[in-house]
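Ligands are counted one by one from 1 in listed order, and the atoms in each one are counted from 1 as well.
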Amino acid sequence: MIEPMQCIGYLVRFLAFCHLISFISFSTVEARTRHYDWEVNYEYKSPDCYKKLAITINGRTPGPTILAQQGDTIIVKLQNNLLTENVAIHWHGIRQIGTPWSDGTGGFTQCPIQPGEKLIYKFVVDRAGTYTYHGHYGMQREAGLYGTIIVLLPNGVSEPFSYDYDRNIILNDWYHKSSDEQATGLSSIPFVFVGEPQSLLINGKGKYNCSLLTTPGACNATNPQCSPHVLTVVPGKTYRLRIGSLTALSALSFEIEGHDITVVEADGSYVEPFVVRNLYIYSGETYSVLVKANQDPSRNYWITINVVSRKPATPTGLAIFNYYPNHPQKPPPTVPTTGPLWNDTTSRLAQSIALKARQGFIDTPPLTSDRAIVLLNTQNKIDGYYKWALNNLSLTFPTTPYLIALKENLTDAFDQNPPPDGYDFASYDIYRVAKNVNATSSNRIYRLRFNSTVDIILQNANTMTVNNSETHPWHLHGHEFWVLGYGMGKYNMSSDGKKYNLVNPIMKNTVPLHPYGWTALRFQANNPGVWAFHCHVESHFYMGMAVVFEEGIEKVGNLPSSIMGCGETKSYNRPRP
Ligand SMILES: *[C@@H]1O[C@H](CO)[C@@H](O)[C@H](O)[C@H]1NC(C)=O
Ligand SMILES: *[C@@H]1O[C@H](CO)[C@@H](O)[C@H](O)[C@H]1NC(C)=O
Ligand SMILES: *[C@@H]1O[C@H](CO)[C@@H](O)[C@H](O)[C@H]1NC(C)=O
Ligand SMILES: *[C@@H]1O[C@H](CO)[C@@H](O)[C@H](O)[C@H]1NC(C)=O
Ligand SMILES: *[C@@H]1O[C@H](CO)[C@@H](O)[C@H](O)[C@H]1NC(C)=O
Ligand SMILES: *[C@@H]1O[C@H](CO)[C@@H](O)[C@H](O)[C@H]1NC(C)=O
Ligand SMILES: *[C@@H]1O[C@H](CO)[C@@H](O)[C@H](O)[C@H]1NC(C)=O
Ligand SMILES: *[C@@H]1O[C@H](CO)[C@@H](O)[C@H](O)[C@H]1NC(C)=O
Ligand SMILES: *[C@@H]1O[C@H](CO)[C@@H](O)[C@H](O)[C@H]1NC(C)=O
Ligand SMILES: [Cu+2]
């Protein structure tokens with residue numbers, strides 16, 4: 001799965017167990033342009049022992065890690081070898097300043113790449129940190145199309161914390177049904193939900209219990225593809241773990257048995273360090289944590305991930321924290337933890353609030369905003385179909401990508417009316433089972449005044465099920481935002497705004513909206529382009545849980561013709577300057 005050279009010499013005798021990039025050599029970081037040639041294919045894979053078709057990049061899922069240095073230009077030549085499906089890849093957390101057409105969001109910033117065709121993504125990684133990439137067309141991300149991006153600091157600049165080794169951990173949940181089958185269920189009457197995932201994966205490895213199948217033919221418990229990931233540590237050393245989650249549905253709790261973890265980075269921003277036993281991580285988030293190998297070295301320990309916020313029906317995801325020189329696959333002598341109570345919203349909210357920008361690295365927000373948009377998150381029915389909506393509007397993006405439609409003045413490509421900045425605050429009861437029969441499908445967008453300061457208040461509510469409200473991890477493209485506050489219940493315009501953290505708010509690109517709660521964000525609309533803002537739960541996004549922001553479209557440079565070829569751009573052949 002990985003080139004053995006990426007395993008540090010000390011561990012050479014365990015080459016067979018070095019499954020992911022596990023060491024970063026700073027001395028190799030010199031070149032300023034990094035070229036990647038990627039081929040996207042369907043291949044049979046057994047990441048949790050069950051064999052199914054997965055989408056791979058150059059034969060792998062998770063795909064290759066992009067390792068770069070701040071300021072480098074990344075060029076990815078993406079060849080779509082899927083026989084019957086389009087594809088697009090989003091570079092999650094990369095702001096695409098000056099290159100909004102490389103954001104990789106099918107239907108928003110580009111026409112998806114058709115089978116047999118190639119697209120060149122070119123962008124600058126302008127900020128050090130831990131990021132990810134993933135499919136952003138249909139529901140392909142959960143078919144295995146995802147990976148990690150690591151951006152190192154410029155030469156001569158050091159991190160405000162120290163560690164001996166750097167390791168990647170990418171988390172996912174895994175379904176046995178194909179993403180097409182899932183998408184079809186979501187858009188059918190009767191509705192068929194994707195349900196809870198069959199497995200949780202750590203660095204692309206999980207374990208499904210093959211005995212649960214009546215015909216286990218496709219499931220082989222001894223397939224090496226599903227041996228647990230092993231993280232080998234040297235006693236006394238400190239490890240920086242770069243942890244990212246790209247789950248389709250699940251919020252996770254990450255834990256290393258018996259070891260404290262110190263959170264130091266989130267979505268590329270330094271965090272005022274704090275110590276936890278378990279890290280909550282939502283789809284689309286990344287963290288760096290420091291872990292010291294300071295426990296009894298005569299045994300191994302479990303690394304566990306457990307589902308939180310939904311009643312778990314998926315076994316704990318396991319990897320092995322292996323003290324050198326113990327045998328890497330020697331199972332720890334203990335029973336793996338099942339994690340915190342799945343419905344302990346209080347402790348998840350507390351951890352969200354605990355994330356603060358690190359002293360000395362605080363980029364303070366403007367003290368006031370020019371505009372506040374409150375987005376009520378509801379589950380709805382539209383013409384009998386289940387949808388998610390924001391202020392009564394459920395997004396169905398047009399066949400002509402927004403970026404192209406706006407830049408080329410194709411005003412009939414989507415509804416030019418603005419969506420509402422709020423909802424009926426006074427009479428909407430967020431605890432009542434929503435009927436929301438009057439939601440509509442819409443492709444309207446928010447147009448932001450360039451360089452204005454915008455607040456977004458995400459308001460959660462009851463779903464269409466009694467006493468149920470879900471966690472929604474919201475992700476903004478093209479930006480990082482300040483996280484000004486979280487609260488439970490209904491956001492109060494006059495009192496809650498006064499409690500915002502304007503002193504040391506963390507800047508992130510993905511943030512949870514907790515059940516029945518609200519989350520307030522602020523960002524500056526200073527990146528010319530068109531940017532999706534959406535729930536990172538794959539099925540929710542597919543069911544319309546997204547909005548679109550346009551800012552400074554007139555400042556966007558000429559669009560490459562390679563992103564065109566769909567919708568109204570099919571016959572688009574205006575001579576290019
Ligand atoms: C796997 O499933 C079988 C059949 O239900 C059950 O007997 C067994 O205990 C399960 N094994 C594990 C490790 O959960
Ligand atoms: C399961 O995988 C192992 C290891 O690859 C192989 O030796 C064995 O034949 C496989 N079993 C079946 C039933 O395919
Ligand atoms: C959490 O869920 C468990 C069942 O899984 C239930 O017994 C408990 O009462 C719930 N706690 C809260 C605070 O809802
Ligand atoms: C689109 O409209 C703007 C504002 O009217 C104008 O400046 C621009 O040249 C137009 N672009 C195209 C491609 O027609
Ligand atoms: C949705 O629209 C209906 C009527 O058009 C209205 O009563 C309701 O309050 C709206 N809901 C929201 C969340 O704005
Ligand atoms: C939904 O819209 C219809 C038609 O516009 C209207 O008659 C009805 O009262 C609305 N229902 C609600 C709950 O607002
Ligand atoms: C954007 O706004 C900031 C202050 O909010 C100001 O410092 C900056 O000059 C503005 N930039 C542009 C291009 O208007
Ligand atoms: C929903 O929650 C309310 C308030 O906590 C409680 O009174 C009611 O019994 C619950 N209903 C169900 C169906 O659980
Ligand atoms: C909002 O907060 C203010 C001040 O605490 C309070 O007077 C007002 O009743 C609250 N509004 C609502 C709708 O709860
Ligand atoms: Cu959601």
Side-chain angles (χ1 to χ4, degrees), residues 95 97-98 100-101 109 126 196 250-253 278 280 306-316 337-351 362-372 400-414 416 431 445 447-455 460 462-463 465-471 478-482 484 488-489 500 502 505 507 514-517 521-530 549-561 563-564 567-577:
R95 292 170 292 178
I97 296 168
W101 48 80
T109 60
D126 59 0
E196 301 306 315
S250 313
L252 298 174
S253 169
N278 68 291
Y280 293 113
N306 285 287
V307 172
V308 290
S309 178
R310 302 180 63 86
K311 193 164 189 182
T314 310
T316 302
T337 174
T338 51
L341 257 184
W342 67 274
N343 51 5
D344 185 358
T345 309
T346 313
S347 93
R348 279 183 277 123
L349 179 67
Q351 199 172 97
I362 300 171
D363 182 356
T364 50
L367 296 180
T368 56
S369 70
D370 300 308
R371 180 175 179 183
T400 309
Y402 287 112
L403 179 64
I404 307 173
L406 284 156
K407 176 71 181 158
E408 308 298 343
N409 300 334
L410 306 172
T411 51
D412 55 346
F414 64 92
Q416 301 288 307
Y431 296 101
I445 68 168
R447 304 195 66 164
L448 307 176
R449 186 163 56 76
F450 185 68
N451 207 31
S452 60
T453 303
V454 179
D455 283 1
N460 215 336
N462 208 103
T463 63
T465 307
V466 179
N467 289 354
N468 175 254
S469 181
E470 299 188 13
T471 299
H479 290 277
E480 47 185 353
F481 45 70
W482 290 279
L484 300 184
M488 289 309 289
Y500 284 164
L502 301 171
M507 295 193 86
H514 293 290
Y516 297 112
L521 320 172
R522 179 167 292 174
F523 69 96
Q524 215 139 8
N526 57 6
N527 187 12
V530 179
F549 298 126
E550 173 275 327
E551 67 212 44
I553 189 69
E554 65 288 347
K555 296 184 166 55
V556 170
N558 284 325
L559 303 179
S561 54
I563 63 164
M564 302 190 190
E568 293 186 28
T569 73
K570 217 180 271 176
S571 54
Y572 187 81
N573 56 6
R574 189 169 65 88
R576 313 301 304 168

**OP:** Find all atoms of ligand 4 within a distance of less than 4.0 Å from any non-hydrogen atom belonging to N409, and give their numbers and elements.
**Re:** 1 (C), 2 (O), 3 (C), 8 (C), 10 (C), 11 (N), 12 (C), 14 (O)
Original post:
Can you find an N or O of Q524 that's nearer than 3.5 Å to an N or O of ligand 7?
Top reply: yes
Original post:
Which distance, rounded to the nearest 0.5 Å, do you find between the CG of L406 and the CD of E551?
Top reply: 11.5 Å
Original post:
Name the residues with a heavy atom less than 4.0 Å from ligand 3?
Top reply: K311, W342, N343
**OP:** May I ask you to list the atoms of ligand 7 that are less than 4.0 angstrom from any heavy atom of N451?
**Re:** 1 (C), 2 (O), 3 (C), 8 (C), 10 (C), 11 (N), 12 (C), 14 (O)
**OP:** Not counting sequence neighbours, which residues clear side-chain contact (heavy atoms from CB on, under 4.5 Å) with P312? List them please.
**Re:** V307, W342
**OP:** Kindly write out the residues that satisfy salt bridge (charged side-chain N to carboxylate O under 4.0 Å, His left out) with D344, not counting sequence neighbours, or none if the list is empty.
**Re:** none
Subject >> Results of salt bridge (charged side-chain N to carboxylate O under 4.0 Å, His left out) for E480 - residues two or more places apart only >> reply: R95, R127
**OP:** Hey, could you give me the CD1/CZ distance between I445 and F549, rounded to the nearest 0.5 Å?
**Re:** 10.5 Å
**OP:** Report the distance from atom CG of L502 to atom CG of L484, rounding to the nearest 0.5 Å.
**Re:** 6.0 Å
Subject >> Any donor-acceptor N or O pair under 3.5 Å, side chains D370, S452 >> reply: no
Original post:
If you count the atoms of ligand 4 from 1 in the order shown, which ones are under 4.0 Å from a heavy atom of E408?
Top reply: 13 (C)
Original post:
N527 side chain to G478 main-chain N or O, any donor-acceptor pair under 3.5 Å?
Top reply: yes
